[in-house]
Amino acid sequence: MNKGGDTGRSTKQRYLDTMGILRWQLREPSLPENVQQADEETGVPALSVSPDGDDAGQEITEIARLDWDALRSRVSECTACELHTSRTQTVFGVGNQNADWLVIGEAPGADEDAQGEPFVGRAGQLLNAMLLACGLKREQVYIANILKCRPPNNRDPRPEEVASCEPYLMRQIELIQPKLILAVGRIAAQNLLQCDTPIGKLRGRVHRFRDTGIPLVATYHPAYLLRSPAEKRKAWQDLQLAMQVVREAAS
Ligand code: URA
């Protein structure tokens, strides 16, 4: 409850409160000592997915040349995997095309499938609060997903769906050239880093996104944080690490 004593709270503190993080839990960011060895430790490979054959290779090459409008239109017509049969619409991504931060989640849910925008449901509200705790409005970052179509009943994305969708996300990353990728949730982190390491081991350190070298920080998915609010403290540590990475990239 917002009592009279809270009137002096800063905007950031209000959003930290929204995230459920108590004031006495705030700390200076502490970089794990093993940041540089992250990839060795997790066994994350540096290579990106290679095309599956000549047609696939041709398609990937074409997608890699599209500008924003052509890419959006290509995605909206995509029938590369089965998910096109059950979607209401594709969910391309939203935000600042010159963003420092690129947030990548898993896949559209029911709300996103209905509205055509990522992270608009309850998890999206928490994501917005997490970003605001970092001093970022939703419009300042770019938000996308591993998949552009909703898997039925919100099941996990299948490898062939991820592979079909990956060229679109790769092109978005190339167009944005973010200073940081924030992977939210196990599915995003494992697919981006091409590993099956648990999210609890991937978070809390800085990875590099394949051969782009873009720093990548993984954290818990906001939907998971809604179910497990005690983990919000660790998510806040991850966000502080992400802020530090972007600050350092700018200096
Ligand atoms: N969860 C995700 O990972 N992405 C969305 O867009 C919505 C919920």
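Both counts, for ligands and for their atoms, begin at 1 and track the order of listing. Note that these values count all heavy atoms, side chains included, but never hydrogens, waters or copies made by symmetry.
In this view, Phe119 and His221 satisfy the ring-ring contact (aromatic ring centres under 6.0 Å, His included) rule, not counting sequence neighbours. Annotation: side-chain contact (heavy atoms from CB on, under 4.5 Å) contacts of Asp196 (sequence neighbours excluded): none. The salt bridge (Lys or Arg N to Asp or Glu O under 4.0 Å) check on Glu160 picks up nothing, with sequence neighbours excluded.
Classification of Arg186 and Glu106 as a salt-bridged pair fails, no side-chain N sitting under 4.0 Å from a carboxylate O. Salt bridge present: Arg210 and Glu166 bring a charged side-chain N and a carboxylate O closer than 4.0 Å.
The aromatic ring centres of Tyr142 and Trp68 sit less than 6.0 Å apart.
Protein residues having at least one heavy atom under 4.0 Å from any atom of ligand 1 are Gly105, Glu106, Ala107, Glu112, Pro118, Phe119, Asn145, His221, listed by chain and number.
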